[in-house]
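Notes to accompany the following structure.
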Number of protein chains: 2
Amino acid sequence: MKLNLTIQRKAVLDIVQHADDHPTAADVMDRLKSNGYAFAYGTVYNSLRYLTEVGLVKELKLGEAASRYDARTEDHHHIVCVRCGRVDEVTTELPADWLGKAAQETNYHVHHASVVLEGVCAACTAASSNE
Amino acid sequence: MKLNLTIQRKAVLDIVQHADDHPTAADVMDRLKSNGYAFAYGTVYNSLRYLTEVGLVKELKLGEAASRYDARTEDHHHIVCVRCGRVDEVTTELPADWLGKAAQETNYHVHHASVVLEGVCAACTAASSNE
DNA sequence: TATTAATTTATAATTATTATAAAATTAGAA
DNA sequence: TTCTAATTTTATAATAATTATAAATTAATA
């Protein structure tokens, strides 16, 4: 299964890789339009699915309605600002012994952990202290 | 704001409290029907929202399409079996110093953490070793 | 080049959920 | 108790995100 990057998939990948946020499919669509592309909505979804399957992007489900996409594919966590909705990366790894405890408690074989933190980002904290 | 538990809300709460899984709104609807109730779909959603607001149930967004509901309202985490979809509780608390590290890394004020683990449950592990 | 396979497109369908407005129920005041 | 106001339920329509479908395009292969 060789990598098949069509023009559409390449353009979608480019958007996700150069985003400094975590765009949704709709965000990707908008940015494609700004870059002069007019792909079908289905194509954007297909491309995101394809890119996820081949491991070039990650699909994030952070509890909002829409999935977000991330080109940082190393395993990591996320933090969401409850004020402005901004999403940032958390690269600190969960301690192995905590995972061990969870496995012990549940009798599961744990494959993967994903943490979603909620809080207030620096900008929003600053903004509220100026009120 | 006194608690207003209508018949409908009480019945919904009862379903969630006596479930040993984590039912979705559709699951709750089905079980209500089995118990002889025939409420409108909107009522089930309204009831779940109401019960969530007053803190009698928790809404879980575990990355599936539909929200699940949980009557265990103390803060805890969840683990999902990738084979059978079963969801279990993880009550082991995240170490405070890990949260501290995450806060430091991101410059957020962290309010809340939710972990979703993925793995294979004991039953599925047993089943696959018998193949 | 002819043929097959893969992909894109436009559109319809699906799923989970929320919104709306009328009808029913409940609560509080007169 | 009776009237009125507020709340809730119901039925249905609307919405949002996503997937499915089938025809049209493009690419790959024999």
- [ ] Take B/Arg83 and B/Ser128 through the test side-chain contact (heavy atoms from CB on, under 4.5 Å) and record every step on the way to the result.
- [x] CA-CA 10 Å; B/Arg83 295 264 175 80; B/Ser128 61; 3.6 Å; yes

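Residues B/Tyr69 and A/Ser47 both approach DNA chain C. Their nearest nucleotides, taken by heavy-atom distance, put A/Ser47 toward the 5′ side.
When each of A/Thr43, A/Asp27, A/Val12 is paired with A/Leu32, the side chain to side chain contact (heavy atoms under 4.5 Å, CB included) condition holds for A/Val12 and for no other.
Among the heavy atoms of the strands, none lies under 4.0 Å from A/Thr24.
Taking both residues in full, the closest heavy atoms of B/Leu5 and B/Lys10 are given as O-CE, 3.5 Å, listed atom of the first, atom of the second, then distance.
Here the range on DNA chain C touched by chain A, meaning any atom under 4.0 Å from one of its heavy atoms, is C/dA6 to C/dT9.
Of the residues in residues 30-45 of chain A, A/Phe39, A/Ala40, A/Thr43 come within less than 4.0 Å of DNA chain C through at least one heavy atom, sorted by number. Contacts between residues 57-66 of chain A and DNA chain D, defined by a heavy-atom separation below 4.0 Å, involve A/Ala65, A/Ala66, listed by number.
At a threshold of 4.5 Å between side-chain heavy atoms, the hydrophobic network of Ile, Leu, Val, Met, Phe, Trp and Tyr places A/Val116 and A/Val82 in two separate groups. Linking ILVMFWY side-chain heavy atoms closer than 4.5 Å, directly or via other members, places B/Leu62 and B/Val90 in two distinct hydrophobic clusters. In the hydrophobic cluster analysis, where Ile, Leu, Val, Met, Phe, Trp and Tyr join through side-chain heavy atoms closer than 4.5 angstrom, A/Val87 is grouped apart from A/Leu117.
In this structure, A/Asp27 atom CG and D/dA16 atom P are separated by 15 Å, rounded to whole Å. The separation between A/Ile7 atom CD1 and D/dA27 atom C1' is 11 Å, rounded to whole Å. If you take OH of B/Tyr50 and P of D/dT8, they are 7 Å apart, rounded to a whole angstrom. Distance CG (B/Leu3) to P (D/dT7): 15 Å, rounded to an integer number of Å.
Between B/His111 and B/His109, the ring centre distance reaches or exceeds 6.0 Å.
Using a cut-off of 4.0 Å between Lys/Arg side-chain N and Asp/Glu carboxylate O, B/Asp70 and B/Arg68 are scored as not salt-bridged.
Using modelled atom types and a 3.5 Å distance limit, the side chains of A/Glu93 and A/His77 yield no donor-acceptor pair. Side-chain N/O atoms of B/Ser67 and B/Glu59 include a donor and acceptor closer than 3.5 Å. No donor-acceptor contact under 3.5 angstrom links the side chains of A/Ser47 and A/Gln8, judged on distance only.
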